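Quick caveat: nothing in here was measured; it's all calculated off a predicted structure. Side chains are part of it too, since the values below use all heavy atoms of this structure and drop only hydrogens, waters and symmetry mates.
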Amino acid sequence: MKAAEAIEALSTPTTPSIDKLEITLSISPKPTLSFEHHISAPPTPSPTRSSLSPAPVRDPDTIGTLIEIRQSEDKGLGVFALCDIPPRTILLCESPLVILQDNGARADPLDATVNALSPERKKSFFSLYSYSRSKHESLSRSIVYSNGYSIKNDLATGLFETASRINHSCVPNSQYTWKDSIGKIVFWNRFKLLAGEEVTVDYGHKKKYLKRIYGFDCTCGGCTDSGSDARSDGVSSSGSDSGVTDDMGRIDEILHEGVVEGEKV
């Protein structure tokens, strides 16, 4: 299957409301800066052949051909172009490593999910970045909250071996969408990427929330106070190929209250 096959545009859902805080904790499609975001997308990749066992995590597997994971300055690991890549090329098509879908049970469903992973996949899970917002938050939850994408029509959060390495920019060069038809998240580039250029998406939050939610100060150059914090015209510019939601209004309410599980924000 060619790595440059195209996909259809489809809405990527917003963060699942597992509880009052968790609406902030997956990459969100809320607008930041004013630039045209909706680049027409290539056709959806074909489903993985059922004869393949185990099913590949990435299909097509673009690691080592189009992209690579390596150190990004001041950002930990990131995803980079290995060659010049024309616009609207599929950069990554990947199944979740872990899916978090709370069912209301007292026991944390994430613990059982992580414990059931193979040793190799569990190693991948715990190698991901984690930022803890509360002393009551488990390491597994911190990892999912710091790296998760909203999937399955706003009903779940997915964590990905490769996609969760893609770093933020308020002026991203790439977009993504969750495709229920193949059970994968798909990324493609909005512009031509040059060899060595880092693949970025917009996490969809204002600069001050990037610090509070993910624990980093954005230095992309596009997130000035008059830019990302001032946008309110309803035009989506996030890395997700989806419409605008009221997510940030709810985040404002939570953070202004200043209490998370009995602790001050």
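The six-membered or imidazole ring of Tyr149 lies near that of Phe187, with a centre-to-centre distance under 6.0 Å.
Cys93 has its side chain out of reach of Asp59: every pair of non-hydrogen atoms, C-beta onward, lies at least 4.5 Å apart. Taking the side chain as every heavy atom from C-beta outward, Gln175 and Trp188 approach each other to under 4.5 Å. The closest side-chain heavy-atom distance from Val144 to Leu110 is below 4.5 Å. Between Phe126 and Ser140, some side-chain heavy-atom pair lies under the 4.5 Å cut-off. Considering only heavy atoms from C-beta on, Ser169 stays 4.5 Å or farther from Val201 through its side chain. For the pair Arg141/Leu100, a side-chain contact is recorded, criterion being any heavy-atom separation below 4.5 Å from C-beta on. With a 4.5 Å cut-off on side-chain heavy atoms, Arg133 and Ser146 count as touching. Side-chain contact between Phe125 and Ile143: present, with at least one pair of heavy atoms (C-beta onward) separated by less than 4.5 Å.
Here the closest heavy-atom approach between residue Glu137 and residue Ser132 is recorded as OE2-CA, 3.5 Å. The heavy-atom pair separating Gly183 from Pro96 by the smallest distance is O-CD, 3.7 Å. Between Cys170 and Cys218 the shortest heavy-atom distance is SG-SG, 4.0 Å. Residues Cys83 and Leu66 approach most closely at SG-CD2, 4.0 Å, considering heavy atoms. Scanning both residues, Ser164 and Leu159, for their nearest heavy atoms gives OG-CD1, 3.8 Å. When all heavy atoms are compared, the tightest approach of Leu82 to Thr65 is CD1-N, 3.8 Å.
The distance from atom OG1 of Thr177 to atom CD1 of Ile185, rounded to the nearest 0.5 Å, is 8.0 Å. The line from OG1 of Thr162 to CG of Leu77 is 11.0 Å long, rounded to the nearest 0.5 Å. From His168, atom NE2 reaches atom CG of Leu210 across 4.5 Å, with rounding to the nearest 0.5 Å. Here the NZ atom belonging to Lys192 is positioned 13.5 Å from the CG atom belonging to Asn173, to the nearest 0.5 angstrom. Put simply, OH on Tyr203 and CD1 on Ile166 are 8.0 Å apart, with the number rounded to the nearest 0.5 Å. Atom CH2 of Trp178 is separated from atom CG of Asn153 by 10.5 Å, given to the nearest 0.5 angstrom.
Applying side-chain contact (heavy atoms from CB on, under 4.5 Å) to Pro172 and the options Asn189, Val199, Thr200 leaves one that passes, Thr200.
Hydrophobic cluster membership differs between Tyr131 and Phe160, with clusters built from Ile, Leu, Val, Met, Phe, Trp and Tyr side chains linked at under 4.5 angstrom.
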Quiz item: For Ser72 and Phe80, what are the C-alpha separation, side-chain angles and deciding distance, and is it a side-chain contact (heavy atoms from CB on, under 4.5 Å)?
Solution: CA-CA 9 Å; Ser72 176; Phe80 291 80; 3.8 Å; yes
Self-check item: Evaluation steps, side-chain contact (heavy atoms from CB on, under 4.5 Å), between Leu117 and Val98
Solution: CA-CA 9 Å; Leu117 294 174; Val98 161; 3.8 Å; yes
Quiz prompt | Lys152 and Ile99: CA distance, side-chain angles, deciding distance, side-chain contact (heavy atoms from CB on, under 4.5 Å) verdict | solution = CA-CA 10 Å; Lys152 295 181 178 291; Ile99 295 176; 3.6 Å; yes
Practice problem: Using the side-chain contact (heavy atoms from CB on, under 4.5 Å) rule, take Val186 and Ile90 through it: C-alpha gap first, then chi angles, then the decisive distance, then the call. | Solution: CA-CA 7 Å; Val186 183; Ile90 292 178; 4.2 Å; yes
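For Ser127, the side chain to side chain donor-acceptor pair (under 3.5 Å) partners are Arg165, not counting sequence neighbours. Residues passing the side chain to side chain donor-acceptor pair (under 3.5 Å) test with Arg121, sequence neighbours excluded: none.
Residues Ser174 and Arg190 have side chains that never bring a donor and an acceptor to within less than 3.5 angstrom of each other.
The closest donor-acceptor contact from the side chain of Asn147 to the backbone of Tyr129 lies under 3.5 Å.
Between Glu94 and Arg58, at least one side-chain N (NZ, or NE/NH1/NH2) sits under 4.0 Å from a carboxylate O, which counts as a salt bridge.
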